[in-house]
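In what follows, residues are counted from 1 in the order of the sequence shown.
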Amino acid sequence: MSTADTSGLAESLHAAGLPLDQPHDPPAVRAVELRAAALQLLAECDPQIKAESTIALKRQWDMRQLSLDSEMQLSSDAAIPGRPSSPELVSPRELERRPMNTLNGRATLMHALAHIEFNAINLALDAVWRFPDMPREFYADWLQVPAEEALHFTLLNSHLKTLGHVYGVFNAHNSLWEMAEKIRENVLARMALVPRTLEARGLDATPAVRAKLAQVGDDEAAAILDIILRDEVGHVAIGNRWFGWLCQQQAVEPLSTYRELARRYKAPVLKDPFNLEARRAAGFTEEELVALHQM
């Protein structure tokens, strides 16, 4: 197994005006072992520091400046995940809906997307530190993911500022992390229900949101969603790859195992429409795509 191609990340960093040629220590991390550094970053509360540090951590890894101890048992006295005092976290049903054809409505959408990406940074960093005794490629893959999620957050938050707001100003929900908490000690369930379920829902939803943004003339936001969709295909593929590997290691059948995990942990019920093209690109089998309509 190999990590996802980093060329797309480099191009997107350049487009976002972030430095590529001046490697430096992550501002919030001093650990020289990858999993310990990921845990430190997970506890960081400032979103922008967390995003910048995560991108820098990936750069350090690529430059072979970090070691890896896959057997080390880690814990933290800090609250994880670290998050800012705002946004206030509420039930998804309490979130205010605003039409996308208004400036405030688009700002609310950009904020919701930025919040998803901030949570995605946390989820991927959590996968790096939490699960010991996995192959080196597992940790490399899951470091690639938060680096790209950090870019997404940076792009969305920058665009949100052009709409007169910053991350934290609107309420948000905590459903993504709540699912991770339910399955925190089960790496097979994590691979099944976070990238292959929650993130894969983003593959289905993003094209329609992107089309609406383009329709109201927000071409910059639409371009950001193009980057996000491209990268999320790779993230779901990483989840599929490691779910398949774990099923093989544990000698269990993937489709029936996924169904059992989804039932046991009360995963969200998947509904049409499905982005079958993106799901195929992310590694879902034809049998799995047929089964989507039977869940």
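- In this structure, CE in M179 is found 10.0 Å from NZ in K266, a value given to the nearest 0.5 Å.
- Using a cutoff of 4.0 Å between basic side-chain nitrogens and carboxylate oxygens, R210 and D226 are scored as salt-bridged.
- Going from atom CG of D218 over to atom CG of L163 covers 6.5 Å, rounded to the nearest 0.5 Å.
- Nearest heavy-atom pair, P132 versus Q73, reported as atom, atom and distance to 0.1 Å: CG-NE2, 3.7 Å.
- Distance check: Q250 CD to L188 CG gives 5.0 Å after rounding to the nearest 0.5 Å.
- Panel note: side chain N157, backbone A114; no donor-acceptor pair is recorded below 3.5 Å.
- A 6.0 Å sphere centred on CD of E287 holds no more than 12 heavy atoms belonging to other residues, nucleotides or ligands.
- E33 contributes a side-chain N or O that, together with a main-chain N or O of D69, makes up a donor-acceptor pair within less than 3.5 Å.
- Classification of the H173-H115 ring pair by plane angle, with boundaries at 30° and 60°, yields perpendicular.
- K50 contributes no side-chain N or O that, together with a main-chain N or O of C45, makes up a donor-acceptor pair within less than 3.5 Å.
- With 3.5 Å as the limit, one finds no donor-acceptor pair spanning the side chains of N122 and W177.
- More than 12 heavy atoms of other shown residues, nucleotides or ligands fall within 6.0 angstrom of atom CD in E181.
- Annotation: side chain of E148 is not in contact with side chain of I227 (no heavy-atom distance under 4.5 Å).
- Within 6.0 Å of CD in Q249 there are more than 12 heavy atoms belonging to other residues, nucleotides or ligands.
- Formation of a donor-acceptor pair under 3.5 Å by the T197 side chain with backbone atoms of A192 is found in this model.
- Within a 6.0 Å radius of NZ in K212, no more than 12 heavy atoms belonging to other residues, nucleotides or ligands are found.
- Atom CG in L203 sits 6.5 Å away from atom CG in L229 (nearest 0.5 Å).
- Salt bridge present: E260 and R263 bring a charged side-chain N and a carboxylate O closer than 4.0 Å.
- Look at D204 and R279 and you find a salt bridge, because one of the NZ, NE, NH1 or NH2 atoms lies within 4.0 Å of a carboxylate O, short of that distance.
- Using cut-offs of 30° and 60° on the angle between ring planes, the pair F138 and F131 is perpendicular.
- No side-chain donor-acceptor contact under 3.5 Å links K58 to the backbone of A147.
- In this structure, Y167 OH and S158 OG are separated by 14.5 Å, a value rounded to the nearest 0.5 Å.
- Taking each heavy atom of P87 and H111 in turn, the nearest pair found is CB-CE1, 4.0 Å.
- Considering CZ of R196 and CG of L261, their distance stands at 9.5 Å, rounded to 0.5 Å.
- Using a 30° and 60° split on the angle between ring planes, F153 and F118 fall in the tilted class, from 30° to 60°.
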